[in-house]
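In this text the structure is predicted, and so the values were computed from the model without any measurement.
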Amino acid sequence: MTQLKTILNLNSVDVPALVCSKEIGNSVIINLHGLDVSKEVNIIDMDRLEEAGFWSVTIDAPHHGERDDGYLDIMRNANKREAYFMFLSIIQQEATEVTDLVKFYKSQGKKVAVYGISMGAYATYSLMMINREADLFAPFMGNPDFRAKGNFIYSLPEISGPIDNCDKIFPANMFIVNAGSDDVVDPEGARRFYKAIKPYYKDNPEKLEYLEYPESGHLMRPNDWFDAWDALIARLKREGF
């Protein structure tokens with residue numbers, strides 16, 4: 001299968017992207033990658049989606065891939081708290097850019113799903129706070145609690161996550177995957193978020209799907225990973241993507 005390189009102008013920024021060469025149907029799946037990698041790691045997911053009958057696009061996150069500008073090197077050498085704020089800046093910038101992408105595809109009459117893994121899941125959660133036009137949000141192994149661990153007076157970015165704003169999230173359509181033994185992203189945040197937001201969906205339980213794989217770490221066990229993907233594809237088909 002073939003992906004075509006392109007440039008998307010998002011929030012007045014030229015963003016390198018890959019799109020499936022053959023546009024299928026009237027929907028699009030936006031793929032957001034993790035930290036320290038690039039859009040190319042999502043090619044396998046794009047192929048998987050195309051095999052299942054879906055058209056997709058992936059972009060380089062700010063400061064990643066073709067957008068590398070040394071920011072990540074500075075972030076690696078910063079102290080833990082400074083590095084975390086730099087991380088939050090990345091996900092919030094990406095969420096703003098993806099808002100433009102969602103609006104563009106929605107203006108074409110397409111159904112839009114946003115899938116993100118790890119840092120991309122954080123960006124997906126951040127997107128839900130600023131724009132809920134997407135028809136499905138699918139964060140895999142991200143934390144909807146943006147507050148850093150520690151005895152801090154929390155900043156505005158740290159209390160801007162979904163867990164602190166459940167009343168603003170409903171009725172977003174969600175498919176959440178959590179790795180129960182994740183040693184990179186704290187899995188407790190997604191657990192608490194699901195517990196907190198579930199009452200809002202009591203009359204629409206089909207809109208909130210939460211899958212947790214207790215024995216999987218951040219690099220999920222293959223059987224768990226493929227099970228989660230099978231469930232995501234089933235959800236997409238069920239909802240007419």
Side-chain angles (χ1 to χ4, degrees), residues 8 10-11 15 17 27-35 37-39 41-42 45-46 49 54 56-62 64 87-106 111-146 157-158 160-166 168-179 182 184-187 189-194 196-197 201 207-212 218 220 225 228-229 231-233 235-236 239 241:
L8 302 172
L10 305 176
N11 197 35
V15 177
S27 64
V28 60
I29 318 301
I30 299 171
N31 298 265
L32 307 180
H33 64 73
L35 183 66
V37 292
S38 68
K39 62 186 180 301
V41 302
N42 280 346
D45 293 340
M46 296 175 76
L49 287 165
F54 303 106
S56 63
V57 58
T58 185
I59 63 174
D60 276 329
H64 287 71
F87 173 79
L88 289 180
S89 177
I90 294 172
I91 67 169
Q92 289 168 345
Q93 181 182 339
E94 183 166 35
T96 302
E97 293 172 354
V98 175
T99 292
D100 266 14
L101 194 54
V102 171
K103 286 180 178 294
F104 170 72
Y105 287 124
K106 292 295 287 185
K111 293 194 72 167
V112 180
V114 180
Y115 152 75
I117 181 170
S118 191
M119 183 186 75
Y122 277 85
T124 304
Y125 281 125
S126 187
L127 174 65
M128 284 194 286
M129 293 304 306
I130 60 175
N131 184 282
R132 284 174 290 285
E133 289 184 73
D135 299 283
L136 181 66
F137 298 88
F140 279 43
M141 286 97 74
N143 190 347
D145 184 353
F146 293 175
E158 289 175 290
S160 66
I163 202 166
D164 289 296
N165 299 276
C166 287
K168 298 177 182 177
I169 297 297
F170 177 79
N173 211 20
M174 285 186 282
F175 179 92
I176 301 169
V177 173
N178 197 20
D182 200 326
V184 176
V185 174
D186 184 4
R191 288 189 198 116
R192 289 190 292 106
F193 174 61
Y194 176 64
I197 202 152
Y201 289 81
K207 296 175 71 68
L208 178 63
E209 195 168 354
Y210 174 84
L211 300 179
E212 180 167 331
H218 199 63
M220 289 181 67
W225 177 251
W229 260 93
L232 174 59
I233 287 171
R235 176 75 175 268
L236 292 169
E239 298 197 3
F241 279 87

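Remark: Asn173 CG to Met128 CE distance equals 10.5 Å, nearest 0.5 Å. One distance of note links OG of Ser27 with OH of Tyr105; it measures 11.0 Å at 0.5 Å rounding. Remark: Asn165 CG to Met129 CE distance equals 3.5 Å, nearest 0.5 Å. How far CG of Asp100 is from CG of Leu10: 6.0 Å, rounded to the nearest 0.5 Å. Summarising the geometry, atom CE belonging to Met119 is positioned 10.0 Å from atom OG1 belonging to Thr124; distances are rounded to the nearest 0.5 Å. A distance of 11.5 Å separates CD1 in Ile29 from CG in Asp45, rounded to the nearest 0.5 Å.
Taking 4.5 Å as the limit, every side-chain heavy atom of Leu8 sits out of range of all side-chain heavy atoms of Phe104. In this structure the side chain of Glu239 never reaches within 4.5 angstrom of the side chain of Asp135, judged on heavy atoms. At least one side-chain heavy atom of Met46 sits less than 4.5 Å from a side-chain heavy atom of Asn31. Two residues are said to be in side-chain contact when any heavy atoms from C-beta on lie closer than 4.5 Å; Leu236 and Leu49 meet this criterion. Side-chain atoms of Leu136 and Leu232, non-hydrogen and from C-beta on, do get closer than 4.5 Å to each other. Looking at Leu211 and Phe175, their side chains come closer than 4.5 Å, going by heavy atoms from C-beta outward. At least one side-chain heavy atom of Leu35 sits under 4.5 Å from a side-chain heavy atom of His64. By the 4.5 Å heavy-atom criterion applied to side chains, Val114 and Leu101 are not counted as neighbours.
Residues Ala95 and Ser126 share a closest heavy-atom pair of CB-OG, 3.6 Å. Taking each heavy atom of Pro162 and Tyr125 in turn, the nearest pair found is CG-O, 3.6 Å. Minimum interatomic distance between Leu208 and Arg235 (heavy atoms only, all atoms of both residues): N-NH2, 4.3 Å. Residues Ala17 and Val57 approach most closely at CB-CG2, 4.4 Å, considering heavy atoms. The two atoms that bring Tyr201 and Pro171 nearest to each other are OH-C, 3.7 Å, heavy atoms only. Closest approach of Asn143 to Ala190, counting heavy atoms only: OD1-N, 4.2 Å.
Every ring-ring contact (aromatic ring centres under 6.0 Å, His included) that Tyr115 has, sequence neighbours left out, goes to Phe140, Trp229. Applying the ring-ring contact (aromatic ring centres under 6.0 Å, His included) criterion to Phe54, with sequence neighbours excluded, gives no partner residue.
At least one donor-acceptor pair under 3.5 Å links the side chain of Arg132 to the backbone N or O of Lys168. In this structure, Ser160 contributes its side chain and Pro157 its backbone to a donor-acceptor pair below 3.5 Å. For Asp145 (side chain) and Ile163 (main-chain N/O), no donor-acceptor pair under 3.5 Å exists by modelled atom type. In this structure a side-chain-to-backbone donor-acceptor pair under 3.5 Å is present from Asp60 to Lys39.
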Kindly indicate, with the supporting measurements, whether the criterion side-chain contact (heavy atoms from CB on, under 4.5 Å) is fulfilled by Arg191 and Asn178.
-> CA-CA 8 Å; Arg191 288 189 198 116; Asn178 197 20; 3.8 Å; yes
Hey, mind stepping through Ile59 and His33 against side-chain contact (heavy atoms from CB on, under 4.5 Å) and telling me if it holds?
-> CA-CA 8 Å; Ile59 63 174; His33 64 73; over 6 Å; no
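For the residue pair His218 / Ser118, a side-chain donor-acceptor distance below 3.5 Å is found, with atom types taken as modelled. Between the side chains of Thr99 and Asn131, no donor-acceptor pair is found at a separation under 3.5 Å.
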